[in-house]
Every structure is written in structure tokens, then in C-alpha cells.
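Below, chain A is the first sequence line, B the second, and so on; all start at residue 1.
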Amino acid sequence: MANSEKDAGEMVCPACGSREIVFDEERGEYVCEKCGLVNEEPVIDPGPEWRHFNSDQRQRRSRTGEPAKVRLPDKGLSTIIDRELRDSSGRKNPHMQRLRTWDNRIKASSSRERNFQQAFQELEVLASKLQLPEPAKERAAAIYRKAYEKGIVRGRGIESVLGAAVFAACKETRHPRTAREIAEALNMPDENEILRAYRVLQRKLGLNQRPTEPSDHLPRFASKLNVSEDVEAKAQEIIEKAKEKGITVGKGPAGIAAAALYIACILEGERRTQREIAEVAKVTEVTIRNRYKEICEALGIDLHP
DNA sequence: CTTTAGACGAAGTATTA
DNA sequence: TAATAATTCGTCTAAAG
């Protein structure tokens with residue numbers, strides 16, 4: 001630990017166990033190439049495989065002292081107090097009913113805790129990979145809790161419900177992420193599982209979900225493209241005008257934001273290629289072309305004077 | 001060689017009967 | 001539930017820079 005080597009070979013990602021960890025000079029952070037985990041501290045051979053990501057969480061989590069490795073209920077030892085209400089001597093014991101109740105309560109609450117612990121560990125990794133802002137993370141945790149209490153997690157798997165909770169939370173806090181991005185970050189093959197769980201959340205939890213606006217995407221896209229404030233403001237202006245013209249209804253918000261950004265870049269003389277923008281917006285160049293043609297037409301903008 | 005423009009069919013979605 | 005209309009995407013061709 002005394003050795004503050006930035007040699008990636010020595011380090012193991014606490015989340016996925018990969019050794020492909022690089023030091024990001026710009027941010028001063030360690031980043032796992034495999035799962036994208038960002039960690040400010042040097043991570044050198046953590047030994048145990050359970051996870052913590054900063055001192056705050058280590059403190060919060062070490063409370064139980066229970067390695068995540070042991071996932072069997074009651075550490076594999078399960079005590080059953082049967083319905084006959086006999087005690088260990090085989091006699092009927094009127095107190096056994098109460099014991100049984102408590103036994104069940106304790107088991108239920110501890111399995112709930114285990115579920116949350118695992119879910120929130122995964123949430124940390126996910127939030128790190130997706131660069132989620134703190135409010136979105138908090139909201140996702142809250143939604144997941146509610147979902148668990150409603151019994152939505154059973155039979156659906158932690159990952160799909162967690163993914164759906166993150167998806168919903170991002171939407172709500174106006175930092176939208178696609179279901180695909182989330183699925184990818186979770187190493188899930190198909191995003192539909194997340195979307196299915198998301199629909200269930202919507203129905204059973206009554207989430208106040210507004211449709212995603214194109215401008216919700218602007219800050220993230222703009223920062224990834226390293227464009228100036230002026231360009232971002234210009235893009236915002238373009239989006240508003242386009243909305244007034246009514247050409248945005250029924251179109252994908254990301255495509256509109258991407259096109260507005262593309263136009264704004266050219267107008268402000270900070271040119272980016274369609275390819276670059278398509279990359280960060282997760283849409284194709286074709287979509288950008290269609291949208292930006294429509295917008296130019298509707299707003300009377302001529303990019304080739 | 002890279003970027004942009006446009007056409008086509010495939011796939012998934014929303015709307016309507 | 002089935003048919004339909006609109007949207008997005010991937011691929012391909014071609015022109016422009």
C-alpha cells in the first residue's frame with residue numbers, strides 16, 4: 001500500500017476482478033478497462049472479492065462483516081420450526097408459535113438485506129460506468145426498494161429490476177440513458193428484459209414519467225463532444241424553435257438533440273462530424289441527416305451559402 | 001481518403017380497425 | 001388480435017472536399 005505505483009499490472013478491479021486497470025492522467029482516477037469502474041484510490045490486490053468503492057461505503061458496508069461470497073441463506077444452515085409446534089424434546093410447546101413467527105421475520109429481513117446489499121453493490125458499478133449523477137443514483141435505489149417491497153424482484157432477477165430502476169430514475173431526473181446502455185453496463189445480452197421490468201415498475205409503482213425531451217440530452221452530449229457553451233446554447237435554441245414548428249413530435253429525442261448540436265457546431269464554427277456526434281448520441285448518421293435536414297427546412301437555415 | 005448525401009429494405013413501435 | 005402507418009437503422013452507392 002505504501003507503494004503508490006501506477007503500474008496497472010499490480011492492480012485488480014474490485015468489481016470484476018480484471019487486471020486491465022489504467023490510470024487516467026486527466027482525471028487522476030483509476031479506471032477499469034473491462035467494466036469501466038472508476039476509483040480514486042489506488043487499488044492494489046484487495047484480497048477478498050467483495051466490493052467497496054470508497055471509504056464512505058466501506059464503512060457503511062462493513063457493518064455486517066459478511067463477505068458477499070457467502071450467499072446461501074443463513075450461511076447454508078437453515079432451521080425449520082415445523083407447524084406441529086414441537087420443541088427440541090419433541091413435545092408440543094405453546095411458545096413455539098411465537099418463536100416460529102420471529103424466526104421467519106428474521107429470515108425474511110435478512111434475506112431482504114442481502115438482496116439490497118447485492119443490488120446496491122451492482123448499482124455502484126453501474127453508476128460508475130454510466131457516469132450517473134448522484135441524484136439519479138439515489139432515486140434508482142429508492143425505486144428499487146419500492147419494487148422489492150411490492151414483490152416485483154421475485155422471479156425477475158435483481159439485474160433486470162435494478163436496470164429498470166436505473167432507467168426510470170435517469171428519466172425522472174432528466175439524465176436519460178438508453179436501455180441498451182444500461183443492459184451493456186450490466187453485461188446483459190438483451191435490453192428488453194430491462195424494458196419489460198420497467199413497464200412493470202411503471203404500472204405497479206405509478207412513476208411520474210414524463211417523456212424524455214431532446215434538451216435533456218444536451219449537457220451530456222455537449223460535454224462528451226467538448227464543445228463550447230455557445231454551441232450548447234445555440235443547440236438549445238434550435239431545439240426550442242423546432243418544437244414550436246411541431247416537427248419534433250414522434251421523433252426520437254436523441255436524434256433531434258444530435259441534429260441540433262450538429263447544426264449549432266457548424267453555425268458556431270466548431271465543426272464536428274456527423275460520425276462523432278452519432279457516436280455520443282447513440283444514433284446513426286442517417287438519423288442525424290434526416291433530422292437536421294428537416295430542421296433546416298423548417299427554420300430556414302442554410303448551411304451551405 | 002474522409003465526410004456528406006440519399007435510397008432501399010429490415011426491424012421494431014404505435015395506432016387503428 | 002391483425003393490419004397499417006410512421007420511424008429508425010444498417011448498408012450501399014455516389015458526390016463533394
Side-chain angles (χ1 to χ4, degrees), chain A residues 130 156 159-161 163-168 170-172 174-218 220-222 224-228 230-232 234-235 238-305:
Chain A
L130 297 174
R156 221 176 298 271
E159 273 147 345
S160 7
V161 178
V166 168
F167 183 73
C170 287
K171 221 169 177 188
E172 225 175 81
R174 335 235 69 189
H175 297 102
R177 298 289 188 279
T178 64
R180 166 159 301 184
E181 287 176 282
I182 296 172
E184 238 164 62
L186 280 170
N187 291 320
M188 290 171 70
D190 87 63
E191 67 266 27
N192 291 324
E193 212 172 302
I194 288 176
L195 289 172
R196 270 201 301 276
Y198 169 69
R199 281 183 246 281
V200 176
L201 289 187
Q202 266 201 308
R203 189 149 34 81
K204 301 212 170 177
L205 257 46
L207 301 169
N208 63 324
Q209 301 269 316
R210 242 166 316 187
T212 301
E213 299 286 331
S215 48
D216 295 341
H217 293 290
L218 275 186
R220 194 163 52 105
F221 291 173
K224 283 197 181 185
L225 289 168
N226 276 318
V227 295
S228 68
D230 293 339
V231 171
E232 190 177 334
K234 192 81 187 170
I238 292 170
I239 289 174
E240 273 161 26
K241 283 185 183 165
K243 268 167 80 176
E244 283 170 25
K245 293 279 182 180
I247 58 173
T248 63
V249 287
K251 311 288 202 314
I256 299 185
L261 224 31
Y262 178 68
I263 297 171
C265 282
I266 294 174
L267 256 33
E268 297 290 324
E270 293 180 42
R271 194 151 186 138
R272 297 290 184 281
T273 65
Q274 295 176 356
R275 171 90 183 71
E276 288 174 293
I277 298 178
E279 173 91 19
V280 309
K282 298 283 201 325
V283 299
T284 61
E285 302 158 50
V286 180
T287 303
I288 293 180
R289 287 200 279 274
N290 292 336
R291 292 295 86 77
Y292 106 84
K293 216 175 96 184
E294 290 166 8
I295 293 174
C296 284
E297 234 162 75
L299 303 187
I301 299 173
D302 188 9
L303 292 183
H304 311 292

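Between Glu297(A) atom CD and dA5(B) atom C1' there is a gap of 14 Å when expressed in whole angstrom units. For the pair Arg180(A) CZ and dA11(B) P, the interatomic distance rounds to 14 Å; values are reported in whole Å. One atom, CD of Glu285(A), and another, C1' of dT13(C), lie 15 Å apart when rounded to the nearest Å. One interatomic measurement links the two molecules: NZ of Lys293(A) to C1' of dA7(B), which rounds to 11 Å at whole-angstrom precision. Rounded to whole angstrom, the span from the CD atom of Glu191(A) across to the P atom of dC9(C) amounts to 12 Å. Atom pair Asn290(A):CG and dG10(C):P shows a separation of 13 Å (rounding to whole Å applied). In this entry the distance linking CG of Leu195(A) with P of dT13(B) reads 8 Å, nearest Å. Distance, Arg291(A) CZ to dC9(C) P: 9 Å, rounded to whole Å.
Nearest-nucleotide assignment on DNA chain C puts the 5′-proximal partner with Glu294(A), out of Glu294(A) and Val286(A). Comparing Arg199(A) and Arg272(A) by the nucleotide of DNA chain B that holds the closest heavy atom to each, the one mapping nearer the 5' end is Arg272(A).
Between Glu191(A) and Lys282(A), none of the side-chain N atoms (NZ, or NE/NH1/NH2) sits under 4.0 Å from a carboxylate O, so this pair counts as no salt bridge. At a threshold of 4.0 Å, the pair Glu244(A)-Lys241(A) does not count as salt-bridged, since none of the basic side-chain nitrogens sits closer than that to a carboxylate oxygen.
The side chain of Arg275(A) places no N or O atom within less than 4.0 Å of a non-bridging phosphate oxygen (OP1 or OP2) of dA5(B). OP1 or OP2 of dA5(B) sits under 4.0 Å from a side-chain N or O of Gln274(A). In this structure, Arg271(A) does not reach the dT3(B) phosphate: none of its side-chain N or O atoms is under 4.0 Å from OP1 or OP2.
With hydrogens and angles ignored, the 3.5 Å screen pairs no side-chain donor or acceptor of Asn290(A) with any backbone N or O of Thr287(A).
Across dT8(C), dC9(C), dT4(B), the shortest atom-to-atom separation from the side chain of Lys251(A) is found for dT8(C). Of all nucleotides listed (dT4(B), dA5(B), dT11(C)), dA5(B) comes nearest to the side chain of Tyr292(A). Of the listed nucleotides (dA5(B), dT3(B), dC9(C)), dT3(B) has the atom at the smallest distance from the side chain of Thr273(A). Which of dA7(B), dT8(C), dA5(B) sits closest to the side chain of Arg289(A) comes down to dA5(B).
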Check: Going through the distances and angles, do Glu268(A) and Ser228(A) end up as a side-chain hydrogen bond (donor to acceptor under 3.5 Å, both in side chains)?
Finding: CA-CA 9 Å; Glu268(A) 297 290 324; Ser228(A) 68; 5.7 Å; no
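Within the 4.0 angstrom heavy-atom criterion, no nucleotide atom of any strand lies near Gly255(A).
Between Glu279(A) and Arg272(A) the shortest side-chain heavy-atom distance does not fall below 4.5 Å.
The partner of dA6(C), taking Watson-Crick or G-U wobble pairs whose two distances both stay under 3.5 Å, does not exist in any strand shown.
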